[in-house]
Amino acid sequence: MSDWIRRAPGFRLVGQYGDGESAIQSLPSDKPEVALMDINLPGMSGIECVRRLKPVLPGTQFVMVTVYEDADHIFNALAAGASGYLLKQTPRDELLAALKDVFSGGSPMTSNIARKVVQSFQRTSPSSDEASNLSPREREVLELLARGYLYKEIASTLGISTPTVNTYIRRIYEKLHVRSRAQAVAKYGHFN
């Protein structure tokens, strides 16, 4: 996959690491905007690596690339801070499109992974208290998020700055007890 990225126009490979320990040492100075992470790394798992790196690199979007399709791996990765989850057999063009998507504020997932996320939220009914905790502005932001708007589009639509949108998103995640855009949008669907 690193060769795909290296040769793709519009992409720049800033580093490649064989294990989580090396990634933890080098990624904070490399400061990538997007990082692909394999779950099954030698030594520390990719999930643990993301869990440790996300607080140090809050602006980096982590996308898991793996062979695992089970709900435990998916949700552990998302809870650790991953913004996307793709299978290793994802074709080159789809992978590159997913990297552009996550860079633009999306949460790329292969369709069968997205289905598992949706099914998980359909099984758990959200508390109406969570919905009532949202301010009117947070509800507006969440509505636009659910419509697929990018953060900069939300900022433009509401006449606020992108950092302000990020603050609203962080508060929404805290109040809904979620860790990703996909989880917030899935829960939002239950409130309407």
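Just the heavy atoms: all of them, side chains too, but no hydrogens, waters or symmetry mates, feed the values below. Sequential numbering from 1 along the given sequence is applied to the chain's residues.
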With a 4.5 Å limit on heavy-atom distance, are the side chains of [X] and [Y] in contact?
| X | Y | value |
| --- | --- | --- |
| His73 | Thr66 | no |
| Lys100 | Leu96 | no |
| Pro91 | Glu94 | yes |
| Leu27 | Thr60 | no |

To the closest 0.5 Å, what do you measure between [atom1] ([X]) and [atom2] ([Y])?
| X | Y | atom1 | atom2 | value |
| --- | --- | --- | --- | --- |
| Asp19 | Met44 | CG | CE | 8.5 Å |
| Ile172 | Ser135 | CD1 | OG | 7.5 Å |
| Glu21 | Leu41 | CD | CG | 8.5 Å |
| Phe75 | Gln183 | CZ | CD | 6.5 Å |
| Ser107 | Tyr85 | OG | OH | 14.5 Å |
| Leu145 | Glu138 | CG | CD | 12.5 Å |

task = Please report the C-alpha distance between Leu158 and Val141 in whole Å, then the side-chain angles of each, then the deciding distance to 0.1 Å, and finally whether the side-chain contact (heavy atoms from CB on, under 4.5 Å) criterion is met.
result = CA-CA 8 Å; Leu158 298 178; Val141 170; 3.7 Å; yes
key: Working for side-chain contact (heavy atoms from CB on, under 4.5 Å), residues Leu78 and Val178   = CA-CA 9 Å; Leu78 296 174; Val178 297; over 6 Å; no
ask   = With a cut-off of 6.0 Å (strictly less than), are more than 12 heavy atoms of other residues, nucleotides or ligands near CD of Glu33?
value = no
Crowding at OH, Tyr17 (>12 non-hydrogen neighbours, <6.0 Å) = yes
Chi angles and distances behind the side-chain contact (heavy atoms from CB on, under 4.5 Å) call for Leu53, Ile24 = CA-CA 6 Å; Leu53 283 169; Ile24 285 177; 4.1 Å; yes
request  = Check step by step if salt bridge (charged side-chain N to carboxylate O under 4.0 Å, His left out) holds for Arg147 and Glu143.
outcome  = CA-CA 6 Å; Arg147 289 190 203 164; Glu143 168 68 30; 2.9 Å; yes
ask   = Would you say Val14 and Ile5 are hydrophobically clustered, going by side-chain heavy atoms of ILVMFWY under 4.5 Å?
value = no
ask   = Are Leu150 and Leu142 joined in one hydrophobic group, where the rule is that I, L, V, M, F, W and Y side chains link up if heavy atoms are under 4.5 Å apart?
value = no
Using a 3.5 Å distance criterion without hydrogens, assess whether the side chain of [X] forms a donor-acceptor pair with backbone atoms of [Y].
| X | Y | value |
| --- | --- | --- |
| Lys54 | Arg51 | no |
| Thr90 | Leu86 | no |
| Arg181 | Gly106 | no |

message = Could you tell me if Ser161 and Thr164 have a donor-acceptor pair between their side chains, going purely by distance under 3.5 Å?
response = yes
Provide the closest heavy-atom pair for [X] versus [Y] in the form atom of the first, atom of the second, distance.
| X | Y | value |
| --- | --- | --- |
| Val65 | Leu36 | CG2-CD2, 3.4 Å |
| Cys49 | Ala23 | SG-CB, 3.9 Å |
| Pro32 | Ala35 | CG-CB, 4.4 Å |
| Thr162 | Lys152 | OG1-CA, 3.9 Å |
| Met64 | Ile47 | CE-N, 4.0 Å |
| Gln61 | Pro58 | NE2-O, 4.5 Å |

request  = Take Glu174 and Arg171 through the test salt bridge (charged side-chain N to carboxylate O under 4.0 Å, His left out) and record every step on the way to the result.
outcome  = CA-CA 5 Å; Glu174 288 170 5; Arg171 288 181 190 158; over 6 Å; no
task = With side-chain contact (heavy atoms from CB on, under 4.5 Å) as the test, would you mind laying out the steps for Tyr168 and Glu140 before giving the verdict?
result = CA-CA 10 Å; Tyr168 281 121; Glu140 285 179 296; over 6 Å; no
